[in-house]
There are 6 protein chains.
Amino acid sequence: MERVLVFAPHPDDDVIACGGTIAKHSHKGDSVAIVYLSSGEAGSLVYPPADLILRREAEARQASAVLGVTDLVFLRFPDGYISFQPGYLECLIKLIRDRKPTQIYLPHALESVRDHQMTYQLVSEAAKKAAGPWFQNCGNNTWSTGTILGYEVWTPLQTYHWTEDITDFMEIKLAALRKHQSQIKDTAYDDAVKGLNRYRAVMNNVGQYCECFQVIKAQPGDF
Amino acid sequence: MERVLVFAPHPDDDVIACGGTIAKHSHKGDSVAIVYLSSGEAGSLVYPPADLILRREAEARQASAVLGVTDLVFLRFPDGYISFQPGYLECLIKLIRDRKPTQIYLPHALESVRDHQMTYQLVSEAAKKAAGPWFQNCGNNTWSTGTILGYEVWTPLQTYHWTEDITDFMEIKLAALRKHQSQIKDTAYDDAVKGLNRYRAVMNNVGQYCECFQVIKAQPGDF
Amino acid sequence: MERVLVFAPHPDDDVIACGGTIAKHSHKGDSVAIVYLSSGEAGSLVYPPADLILRREAEARQASAVLGVTDLVFLRFPDGYISFQPGYLECLIKLIRDRKPTQIYLPHALESVRDHQMTYQLVSEAAKKAAGPWFQNCGNNTWSTGTILGYEVWTPLQTYHWTEDITDFMEIKLAALRKHQSQIKDTAYDDAVKGLNRYRAVMNNVGQYCECFQVIKAQPGDF
Amino acid sequence: MERVLVFAPHPDDDVIACGGTIAKHSHKGDSVAIVYLSSGEAGSLVYPPADLILRREAEARQASAVLGVTDLVFLRFPDGYISFQPGYLECLIKLIRDRKPTQIYLPHALESVRDHQMTYQLVSEAAKKAAGPWFQNCGNNTWSTGTILGYEVWTPLQTYHWTEDITDFMEIKLAALRKHQSQIKDTAYDDAVKGLNRYRAVMNNVGQYCECFQVIKAQPGDF
Amino acid sequence: MERVLVFAPHPDDDVIACGGTIAKHSHKGDSVAIVYLSSGEAGSLVYPPADLILRREAEARQASAVLGVTDLVFLRFPDGYISFQPGYLECLIKLIRDRKPTQIYLPHALESVRDHQMTYQLVSEAAKKAAGPWFQNCGNNTWSTGTILGYEVWTPLQTYHWTEDITDFMEIKLAALRKHQSQIKDTAYDDAVKGLNRYRAVMNNVGQYCECFQVIKAQPGDF
Amino acid sequence: MERVLVFAPHPDDDVIACGGTIAKHSHKGDSVAIVYLSSGEAGSLVYPPADLILRREAEARQASAVLGVTDLVFLRFPDGYISFQPGYLECLIKLIRDRKPTQIYLPHALESVRDHQMTYQLVSEAAKKAAGPWFQNCGNNTWSTGTILGYEVWTPLQTYHWTEDITDFMEIKLAALRKHQSQIKDTAYDDAVKGLNRYRAVMNNVGQYCECFQVIKAQPGDF
């Protein structure tokens, strides 16, 4: 059984990027938690930020439930301004040392949106720091995560190493994504990602729908 | 009226990459020619190469007709082994000097398939050479192409500069692509590209379907 | 008629990089505004910062007048320390939504000076954010800028897509640049850029003097 | 049980790069074959090429035997001039379709020596071509290799994803490497790689000696 | 006689990266100073930060003494969070203008650890700013450093330009490194770097042990 | 006294790129030889290739004489099609082993013209091969060149490490360049490079005119 930690810059990135894979993990009985760095309060021209933050966290809870995940962490870093700060990094190191994930999912390094890039930088640095004899104020229980995978949202991967067949979970993924009503009503992310996942499946000859990932770290061990 | 030249490593790459844009050009009355560097004779496990080469050229003629294009050039470079050779380069310089295109479409530089990379290298070098006081054996009528655009087939662009709304031409594009029966029956390229074009449209907020291009050269002139 | 917005890290970068193109826009009757992120108060060993800031803004006004531009915005971010901060980004998103530019000029991404890099990062992110259903506190009137071009000052472009013939505006450009007396007296930027613009013209066969730009975004629309 | 295929530009690259991992595979009962693209006939100032080719193939047999491998393939491409040619590529596609490897090892893409780069380009392209409905003259039995790993010889990897603990096989690796007498007497490759493998082990906290690999492809499957 | 300035993100990086070269400089009578950006207070799970900071500065003094260096500067930027801030940059510009180094050593740009990357960015920007007519509050005595070299610690260089034979100084380097007891007891950095320096020597045919550097700037002047 | 070897893809590249530095070497009494990979027979729309080859070699002799160089080597590789071939590489290895240069100048790796890229690849690979115990048919006298510098012609360097003040040799450089009449009459290379060298001088604060180089290898030795 895996312990999976998914890091999302905003609620809905997790579903767009790897909703099928998350559902597959749940289905197999793996333990999955999703960490939202921001709660996406800048993501609307209609709802005021203070309202939107609660609305989107509620949407995240509904969407995750569809995927079979109830363990959510909202860090509430400021939407649009996730940056490399001591407080943020330490929070993530602690989280990794506490949770001891065997797998981490995060945005890949070249995503065009800045919050996504910063999430990559923060989480990948935190995963390295969590593993070594450093930062005692984040706990003494060092932890080395075996597998770290980068996902795609705004910027398709040009090199990827892992293709996950999500054919049997595509409907669940779309149902989950549609719970993010505040986002979907402006932008048809459900259509977009269905399109991308179909393109990936055909071009890689992997099922009807597939999600692609970049390997950032792969666990050594028995071949 | 534009004079458009589309360069394709194999028959069907033109349709997958920019079939909607080609149809749009035709519709507006632009002059469009398609140059196939190879005729794709290695693209099957069933048809013998000598047979397949004729079959795919016939498919290309049918597909192009759907897009409104009848001016096709088959260079018959060897499929799988397009390379940087004097004969090939000179052939392309001559072609550009003769045709005097105002727009060129070709695969972008980072496509993962080698024939696509080589097509980029050959055609972009030929376009430069065609414009300067060099290579008299390719004709004395130098020609500088104003606009050169890179398209995506196997490897999605991470930075692109031009998004063409092909909503009104998507059905034509798919009809054209399905003429490439020898390819479509093994791999659902029609589904794949419909997915990609939908993803591109939503993420860029450009129509229902859109094709993305990388600007390699943009024509100076009146703003 | 275009609405042009030029973003400069410091007063004089605008003239060095695209003074000829600005003058050409003015001449054609386009509307041009120049936004100075910093006022360059660190740019001297002689004038105290508080004095220099006023001096350089005055120089910018004189130089711009020579180019035919009177609409200037001084943001007064700290010289040498332009960085990615919420306040800065929001200020730029608002500015883009208010001004609704059809063209933006900004430093290209690989300029060696940090303030130039940060200007690229801030403005290009702001242009993306301004276009989508996000950041309501920056106004509800989303705006998508059609054309975004990167210019060169300290680090010549290796790939560029747009070459603007400024032969007829070279003298105006140099006259404008010489208004930046506090800078020119230490460093012969006028000679430098005249040299670069001549090199670019000859090597691209575009007039006597030319400015080169990298296309970051090109407006879709009728071909 | 894995079927492992190791591709080496010259005899001894296999041992330097992944001799410990090869020995580990053998020890576990995996099937391992080593394919030498060239036989290294240019690798000496003393032995004439015609003599050296035989000498180095004999050394490769002895070295491989120490690692527990007897299945060797000598392609005898010309040393120093491995290039992208139809004959070479087809040979490799056939080999992959015939052997049906579950794992491939090859030089990483950024090795500074040209033969290593070309080996990467040839083998990675062959692995892609072998998997699809193409190149019937290389056999109809398409094969998709699950795991492809890039190794380091002349140019250390800056990003790697897999760290193999070879502590228990370091002595075997060095013994194997010393069978390449024609090479070791000029250059202490045994000392060099022992140093590199020790550096990698300490900096990654993986055993006493470790080999690092870049994941080029990772097989999907049970998590 | 050279005036050498070595910049280290944490105490011990200087010795690991270029301890042999430092000792060689000392031996020749060059003036050497070492600047520690942080004092490494996060580098332990055992010692509290306030204690560790003193302990590591003491270790740095002992280690430097072994290398023949007594001129140390501790800037005490926060370990793990070295960042691009006005105060930090100005401090470094002042330091360079005051010290007038003829040679600078710093981490190369692609080191995987963030503090190393930031040290590169801060010091290389400071060296540029120190040379020009800017930042009068950092002193009026501008200084252009002739030679700037990037060193390797966590991420081996893939292209390097300078190979320093440290065979005669390897024992001194290791003796110095072992003074960093708080670090060595967790991680065998002495073994690691001995391995790397041996690998570099053999593969470059430069002595028994060698340190590699990337040239960031080379002094013009008489050839 | 240095032994300098300048490699030029075509006659005139040597003068454009480093004519001032060559003249400076001559002036100091260094030994300089220039190796032309091609003789530029494709470089005109007027002169037939067989005529042009002789004309341009004559021009090269006149231009070199102005720079103080009489030792020229014409390899006559085909203009426009310099490629990586055994015969070419071996020729270059032999040449380096015979000449034993202490300094090499060649086009930098990112030049946009293919012949320039291939010259970089061929010569840099030859310099590596010449230094090691390989390729006995190119002679047994291995030679390691101390300093290798990349120059700029068509594509300006973005990172460079060496700035050579050529103020006192600018007139000589231009006089030499103007001997390449067959080229200058079509394209004002003399104006172009005077512009570039002025730009480089001002922006680097190095004399009135300066040539920039990328260090590819720097000789270790006394600091």
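Within every chain, numbering begins at 1; the chains are lettered A, B, ... in the order of the sequence lines, protein sequences first and strands thereafter. The shown structure was predicted, so the numbers you read here are calculated from the model rather than taken from an experiment.
- Looking at A:Glu90, both its backbone and its side chain come within 4.5 Å of chain E, counting heavy atoms on both sides.
- Here the straight-line distance linking atom CD of A:Gln85 with atom OH of E:Tyr81 works out to 10.5 Å at 0.5 Å rounding.
- Contact of A:Ser124 with chain E is not made at all, since no heavy-atom distance falls under 4.5 Å.
- Here the side chain of A:Lys128 pairs a donor or acceptor atom with the backbone of E:Ser112 at under 3.5 angstrom.
- Note that CZ of E:Arg114 is 7.5 Å distant from CG of A:Leu122, once rounded to the nearest 0.5 Å.
- Once rounded to the nearest 0.5 Å, the distance linking CD of E:Gln117 with CD of A:Glu125 reads 7.5 Å.
- Taking each heavy atom of E:Ser44 and A:Gln136 in turn, the nearest pair found is O-CB, 3.5 Å.
- Under a cut-off of 6.0 angstrom, the local environment of CG in E:Asn204 is crowded, with over 12 non-hydrogen atoms contributed by other residues, nucleotides or ligands.
- By number of non-hydrogen pairs under 4.5 angstrom with chain A, the leading residue of E:Pro48, E:Gly40, E:Pro78 is E:Pro48.
- One finds the CH2 atom of A:Trp134 at 9.0 Å from the CD atom of E:Gln183 (value rounded to the nearest 0.5 Å).
- Closest non-hydrogen pair, E:Leu45 versus A:Asn140, comes out as O-OD1, 3.3 Å.
- Among all heavy-atom pairs drawn from E:Thr187 and A:Pro133, the shortest one is OG1-CG, 4.4 Å.
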